[in-house]
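Some notes on the structure that comes next.
Along the sequence shown, residues carry numbers from 1. Indexing begins at 1, ligand by ligand and atom by atom, following the structure's order.
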Amino acid sequence: MKLILLGPPGAGKGTHARILSEKYHAPHLATGEILRQQIREKTPLGRKAKDIIEKGGLVPDQIVNAMMFQVMGRIGTEGGFILDGFPRTLGQAEALEDFLAEEKTKPDTVLNFQTSEKVIIDRLSGRRVCPKCGANYHIRNIPPKKAGICDSCGEKLTQRKDDEPETIKHRLRMYESETKPLIDFYAKRNLLKDVPGDYDVPELQAELASFFDELKLVK
Ligand code: AP5
């Protein structure tokens, strides 16, 4: 399965990507997670990205492309991929197209999460993350078993710095100006599938399963 997940911040890309990756055994590659890992490890890349991410800006194409193609080159594309948060600009989309052409492959489909602003703001302000293992929760929709504690590793949950109200607004503006044009880019290539991002997780997973059946993506 070769998927690209497109959509505004808080659309549900990460949540669904993690489920799909487990269900269909395709590697989940999340640029945001990879960048946050670099920040935690205080690598040169992480130091460059930290300020940009915390302010809700976009890390330059050159850096993100090199990082992603290194990861994809290392694990290969034969086992599929679920790209979450990449590409996010036209420059990244063009570079990805060239990279995949060299690998003699292309995405099966691009899922375009259509999620309303009201839902996005509610999801991001209620999101809690585990600083140790990266697990994601929502205080009401997807709560941990014990309030404020990670189910997987027992660490105390925190709020992402870029989930503060002013930063969310900036991320939404960046989405509008930089990422939204990718909808046209993939529609012209007949790869775009709009999905209702406001749905509950099980409801949207059921829709995706029947869509993948139609596409004969799952054997
Ligand atoms: P990244 O981590 O990718 O952030 P994002 O795209 O802004 O996406 P989010 O993680 O906020 O949202 P999501 O759509 O994954 O939603 P989620 O499933 O978590 O990137 C962070 C930063 O890194 C960027 O701002 C940028 O600076 C940099 N960066 C990353 N990629 C880059 C690139 N390609 N180029 C340049 N810079 C880049 O859901 C949100 C919450 O809602 C969660 O709490 C979840 O539990 C809950 N939830 C999700 N779905 C549902 C549902 N259906 N029902 C109820 N609750 C739900």
List, pair by pair, the atoms of ligand 1 and of the protein that are both N or O and lie under 3.5 Å apart, giving the separation rounded to 0.1 Å.
from     : atom 1 : to     : atom 2 : distance (Å)
ligand 1 : 2 (O)  : Arg36  : NH1    : 2.9
ligand 1 : 2 (O)  : Arg36  : NH2    : 3.0
ligand 1 : 2 (O)  : Arg160 : NH1    : 3.4
ligand 1 : 2 (O)  : Arg160 : NH2    : 3.3
ligand 1 : 3 (O)  : Arg88  : NH2    : 2.8
ligand 1 : 4 (O)  : Arg160 : NH2    : 3.3
ligand 1 : 6 (O)  : Lys13  : NZ     : 3.1
ligand 1 : 6 (O)  : Arg88  : NH1    : 3.0
ligand 1 : 6 (O)  : Arg88  : NH2    : 3.1
ligand 1 : 7 (O)  : Arg171 : NH2    : 2.6
ligand 1 : 8 (O)  : Lys13  : NZ     : 3.4
ligand 1 : 10 (O) : Arg127 : NH1    : 2.9
ligand 1 : 10 (O) : Arg160 : NH1    : 3.2
ligand 1 : 11 (O) : Gly10  : N      : 3.4
ligand 1 : 11 (O) : Arg127 : NH1    : 3.3
ligand 1 : 11 (O) : Arg127 : NH2    : 2.7
ligand 1 : 11 (O) : Arg171 : NH2    : 2.6
ligand 1 : 12 (O) : Gly10  : N      : 2.8
ligand 1 : 14 (O) : Ala11  : N      : 3.1
ligand 1 : 14 (O) : Gly12  : N      : 3.0
ligand 1 : 14 (O) : Lys13  : N      : 2.9
ligand 1 : 14 (O) : Lys13  : NZ     : 2.9
ligand 1 : 15 (O) : Gly14  : N      : 2.8
ligand 1 : 16 (O) : Gly12  : N      : 3.2
ligand 1 : 18 (O) : Gly14  : N      : 3.4
ligand 1 : 18 (O) : Thr15  : N      : 2.8
ligand 1 : 18 (O) : Thr15  : OG1    : 2.5
ligand 1 : 19 (O) : Arg127 : NH1    : 2.7
ligand 1 : 27 (O) : Gly57  : O      : 2.5
ligand 1 : 31 (N) : Thr31  : OG1    : 2.8
ligand 1 : 31 (N) : Gly85  : O      : 3.4
ligand 1 : 31 (N) : Arg88  : NE     : 3.3
ligand 1 : 31 (N) : Arg88  : NH2    : 3.2
ligand 1 : 34 (N) : Gly85  : O      : 2.8
ligand 1 : 34 (N) : Gln92  : OE1    : 2.9
ligand 1 : 35 (N) : Gln92  : NE2    : 2.9
ligand 1 : 37 (N) : Val59  : N      : 3.1
ligand 1 : 44 (O) : Tyr137 : O      : 2.8
ligand 1 : 53 (N) : Arg123 : NH2    : 3.2
ligand 1 : 53 (N) : Tyr199 : O      : 2.8
ligand 1 : 56 (N) : Asn141 : ND2    : 3.1

Hey, is Arg36 close enough to Glu33 for a salt bridge, meaning N to O under 4.0 Å? yes
Mind checking whether Thr109 and Leu191 have side chains closer than 4.5 Å, heavy atoms only? no
Just wondering, more than 12 heavy atoms not from Lys50 lying within 6.0 Å of its NZ? no
Testing Val110, Leu83, Val195, Ile82 for side chain to side chain contact (heavy atoms under 4.5 Å, CB included) with Leu5, which one passes? Ile82
May I ask you to say whether Asp163 pairs ionically with Arg171, meaning some side-chain N is under 4.0 Å from a carboxylate O? yes
Salt bridge or not between Asp198 and Lys118? Use side-chain N to carboxylate O under 4.0 Å. no
